[in-house]
Amino acid sequence: MSELFIVKNTQRLSFELMSDKDAQLFFDLDQDPEVMRFINGGKPSTMEEIHSVYLPRLRSYTDLKKG
């Protein structure tokens with residue numbers, strides 16, 4: 001049985017699914033070695049990797065009904 005899970009916005013925080021429009025933000029985050037050390041040992045992603053690997057992967061897992 002599939003259950004719909006919705007994350008509600010609060011006064012302080014609002015939530016939305018990441019999409020292709022967030023490519024630059026994704027890239028900027030991936031340039032921080034302290035962030036990337038938990039993901040791949042510290043190697044920053046290139047913009048090409050963001051567009052050719054990570055955004056397609058993100059789209060494949062996106063479910064607008066479930067968030």
Side-chain angles (χ1 to χ4, degrees):
M1 173 171 28
S2 175
E3 188 174 321
L4 183 63
F5 181 75
I6 298 173
V7 177
K8 295 184 180 185
N9 293 334
T10 68
Q11 283 185 327
R12 283 187 336 113
L13 300 171
S14 62
F15 301 91
E16 64 182 60
L17 293 173
M18 288 183 72
S19 70
D20 290 2
K21 70 179 175 55
D22 299 308
Q24 185 63 49
L25 296 171
F26 201 164
F27 175 79
D28 293 344
L29 185 64
D30 280 10
Q31 300 313 295
D32 184 336
E34 287 301 306
V35 170
M36 296 308 288
R37 76 183 177 118
F38 295 104
I39 297 170
N40 65 13
K43 179 183 174 270
S45 300
T46 65
M47 187 57 88
E48 173 60 30
E49 289 172 315
I50 299 293
H51 285 285
S52 66
V53 176
Y54 300 112
L55 290 176
R57 184 180 297 160
L58 183 69
R59 281 191 300 271
S60 75
Y61 288 103
T62 298
D63 184 334
L64 296 175
K65 292 179 182 176
K66 292 183 179 181

D28: partners by side chain to side chain donor-acceptor pair (under 3.5 Å), with sequence neighbours left out | Q24
Do you know which two heavy atoms are closest between Y54 and S45, and how far apart they sit?
-> CE1-OG, 3.6 Å
Would you give the length of the straight line joining atom CZ of R57 to atom OG1 of T62, rounded to the nearest 0.5 angstrom?
-> 12.5 Å
Between the CZ atom in F26 and the CE atom in M47, the distance rounded to the nearest 0.5 Å is 10.5 Å
Shortest non-hydrogen pair, P44 vs E49, comes out as O-OE1, 4.1 Å
Start with the C-alpha distance between D20 and R59, add both sets of side-chain angles, then the distance that settles side-chain contact (heavy atoms from CB on, under 4.5 Å), and finish with yes or no.
-> CA-CA 8 Å; D20 290 2; R59 281 191 300 271; 2.6 Å; yes
Is a donor on one side and an acceptor on the other found under 3.5 Å between the side chain of D32 and the backbone of L29?
-> no
Looking only at atom types and distance, does a side-chain atom of N9 sit under 3.5 Å from a main-chain N or O of F15, one as donor and one as acceptor?
-> yes
Residues that K21 engages under side chain to side chain donor-acceptor pair (under 3.5 Å), provided they are two or more places apart = E16
Can you tell me how far CG of D22 sits from CD1 of I50, rounded to the nearest 0.5 angstrom?
-> 11.0 Å
Smallest separation among heavy atoms of L58 and M18, with atom names = CD2-CB, 3.6 Å
Are L25 and L55 connected in a single hydrophobic cluster, I mean Ile/Leu/Val/Met/Phe/Trp/Tyr linked by side-chain heavy atoms less than 4.5 Å apart?
-> no
